[in-house]
Undergrad: 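Take this structure first; my questions come after.
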There are 2 protein chains.
Amino acid sequence: MLNNSQYIDKLRSSGLRPTKQRVKICEVLFNTDKTFHFTINELVKKISKVSNHKISLATVYNTVHSFKKKGYLKEIPINSDQSYFDTNTSHHHHFYDESQKNLIDIDDSDVEPVKINTKIPGKKIKSVEVLVKVEDDKS
Amino acid sequence: MLNNSQYIDKLRSSGLRPTKQRVKICEVLFNTDKTFHFTINELVKKISKVSNHKISLATVYNTVHSFKKKGYLKEIPINSDQSYFDTNTSHHHHFYDESQKNLIDIDDSDVEPVKINTKIPGKKIKSVEVLVKVEDDKS
DNA sequence: TCAATAGTTTAGAACAATTATAATGTAGAA
DNA sequence: TTCTACATTATAATTGTTCTAAACTATTGA
């Protein structure tokens with residue numbers, strides 16, 4: 001929940017020029033209490049709903065990728081025809097409802113720490129993500 | 001590690017006609033002690049290495065999808081430009097080395113049971129998969 | 001204040017993975 | 001053997017994403 005000048009500062013301080021397009025995308029992504037999941041397509045639609053000045057698809061891709069690189073967004077590992085991104089960059093997990101193609105956050109505190117009793121020589125763990133696939137309970 | 005007539009039985013018993021192509025793909029996928037991970041592209045290459053009668057790309061896609069539906073293959077949830085499949089359909093997890101785009105199995109016994117302390121009304125858990133992303137340890 | 005320049009945006013082309021199409025082929029049942 | 005439903009095939013179509021190269025703009029420093 002920041003205002004534009006704060007987005008400008010944030011962008012500048014991370015080495016990204018605060019262009020109109022980037023600030024607009026910040027507004028759409030971060031001007032809310034809730035974090036959310038989105039695909040590029042959904043983001044494009046949301047932008048055009050909020051703004052009358054359209055941002056080109058290439059710019060949306062570029063911006064999402066640079067925000068991901070800067071750590072403002074996370075990519076969620078699920079198999080889908082599209083990539084999902086998450087404005088919640090804290091450590092957490094997901095339910096994925098395959099029937100409705102719906103993603104739901106699982107708070108890190110709702111998952112007991114995952115203990116991995118094996119390792120790969122020369123590699124260190126970067127992240128541990130749990131994906132819980134659910135389906136309709138017909139019982 | 002089955003022979004062709006066993007694959008034929010297996011296919012027939014799951015309602016899939018044992019065509020030449022499906023039996024050949026069974027051989028390529030399951031005629032080994034080790035389970036492995038593959039993309040459709042890699043599978044196509046492997047088939048053409050083993051056999052001189054080529055199977056069309058569409059058939060490989062169709063077959064992999066029907067094998068997945070029958071539970072002979074699992075799709076591995078990672079973000080990539082291609083889908084990864086796994087001949088190991090038992091419950092297990094993965095390391096993903098992003099720098100080398102390399103997937104490594106983690107035995108279920110090497111991961112302490114993942115306890116999820118929340119649920120979604122009306123849904124039941126279908127699977128719980130852990131993806132551990134690793135990177136080079138420069139320390 | 002005003003170029004210079006390096007980073008950005010853009011439309012559209014290109015690309016790659018996957019799916020659809022529709023004609024031909026084949027397994028299994030009668 | 002013949003019929004029918006299911007499979008395979010080559011190819012076209014589709015879709016998500018990346019590339020390209022020209023136009024644009026934020027920043028620097030003269």
Side-chain angles (χ1 to χ4, degrees), chain A residues 4-5 7-28 37-48 51-70 72-73 75-85 101, chain B residues 4-5 7-28 37-48 51-70 72-73 75-85 101:
Chain A
N4 285 8
S5 76
Y7 292 133
I8 290 172
D9 290 347
K10 190 178 168 184
L11 286 167
R12 219 188 308 260
S13 71
S14 57
L16 295 172
R17 284 189 186 170
T19 62
K20 277 198 304 292
Q21 292 84 347
R22 284 173 176 163
V23 173
K24 171 62 69 185
I25 291 173
C26 279
E27 278 181 60
V28 172
H37 311 119
F38 62 92
T39 63
I40 298 286
N41 254 317
E42 291 164 357
L43 180 56
V44 167
K45 276 188 211 148
K46 193 156 185 182
I47 291 166
S48 59
S51 167
N52 37 21
H53 183 78
K54 114 181 243 297
I55 299 179
S56 93
L57 185 60
T59 299
V60 178
Y61 272 97
N62 290 341
T63 303
V64 166
H65 286 146
S66 49
F67 283 9
K68 184 191 164 192
K69 193 176 279 178
K70 295 297 179 186
Y72 303 151
L73 292 172
E75 194 167 359
I76 306 172
I78 47 167
N79 290 113
S80 168
D81 43 350
Q82 295 172 74
S83 288
Y84 276 82
F85 295 90
K101 301 237 171 206
Chain B
N4 286 8
S5 76
Y7 291 133
I8 289 172
D9 291 347
K10 190 177 170 184
L11 287 167
R12 220 188 307 262
S13 71
S14 58
L16 295 174
R17 284 190 186 167
T19 62
K20 277 199 302 292
Q21 292 84 346
R22 284 173 177 164
V23 174
K24 170 62 69 185
I25 292 173
C26 278
E27 277 180 62
V28 172
H37 311 119
F38 63 91
T39 63
I40 298 286
N41 253 316
E42 291 164 358
L43 179 56
V44 168
K45 277 189 211 147
K46 194 157 184 180
I47 291 166
S48 60
S51 167
N52 36 22
H53 183 76
K54 115 181 241 297
I55 298 178
S56 93
L57 184 61
T59 299
V60 178
Y61 272 98
N62 289 340
T63 303
V64 165
H65 285 146
S66 48
F67 283 10
K68 184 193 164 190
K69 193 175 280 177
K70 295 298 178 185
Y72 303 150
L73 291 173
E75 195 166 0
I76 305 172
I78 47 167
N79 290 113
S80 167
D81 43 350
Q82 295 172 74
S83 287
Y84 275 83
F85 295 89
K101 302 240 171 203

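The figures that follow rest on heavy atoms only: side chains count, while hydrogens, waters and symmetry mates do not. Residue numbers start from 1 in every chain, and the chains themselves are labelled A, B, ... in the order their sequence lines are given, proteins ahead of strands.
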Undergrad: Taking only side-chain N and O atoms of K54(A), does any of them lie within less than 4.0 angstrom of OP1 or OP2 on dA11(C)?
TA: yes

Undergrad: Does a side-chain N or O of Q21(B) approach OP1 or OP2 of dT26(C) to a distance below 4.0 Å, or not?
TA: no

Undergrad: Would you mind reading off the distance between N62(B) atom CG and dA5(D) atom P, rounded to a whole angstrom?
TA: 20 Å

Undergrad: Does K70(A) have any salt bridge (Lys or Arg N to Asp or Glu O under 4.0 Å) partners at least two apart in sequence or in another chain, and if so, which?
TA: none

Undergrad: Apply side-chain hydrogen bond (donor to acceptor under 3.5 Å, both in side chains) to S5(B) and list each qualifying residue two or more places apart in sequence or on a separate chain.
TA: N3(B)

Undergrad: Under the side chain to side chain donor-acceptor pair (under 3.5 Å) definition, can you give me all pairs with a residue in residues 15-28 of chain A, not counting sequence neighbours?
TA: N4(A)-E27(A)

Undergrad: Check for a donor-acceptor pair, side chain of S66(A) on one end and backbone N or O of T63(A) on the other, with a separation under 3.5 Å.
TA: yes

Undergrad: Looking at five pairs on each end of the helix from dT1(C)-dA30(D) to dA30(C)-dT1(D), what is the angle between the two axes, given to 10 degrees?
TA: 20°

Undergrad: Kindly write out the residues that satisfy ring pair (Phe, Tyr, Trp, His ring centres under 6.0 Å) with Y72(A), not counting sequence neighbours, or none if the list is empty.
TA: F67(A)

Undergrad: Within the structure, does a side-chain N or O atom of S56(B) lie under 4.0 Å from either OP1 or OP2 of dT8(D)?
TA: no

Undergrad: Generate the contact string for nucleotides 11-30 of chain D. Rules: B means base contact, S means sugar-phosphate contact only, - means no protein heavy atom under 4.0 Å.
TA: -----SBBB------BS---

Undergrad: Return the set of residues passing side-chain contact (heavy atoms from CB on, under 4.5 Å) with D9(A) (not counting sequence neighbours), or none when no residue passes.
TA: none

Undergrad: For P77(B), what residues pass the side-chain contact (heavy atoms from CB on, under 4.5 Å) criterion, not counting sequence neighbours?
TA: N79(A), L131(A), E129(B)

Undergrad: Test of understanding: with side-chain contact (heavy atoms from CB on, under 4.5 Å), list the residues that count as partners of N62(B), not counting sequence neighbours.
TA: none

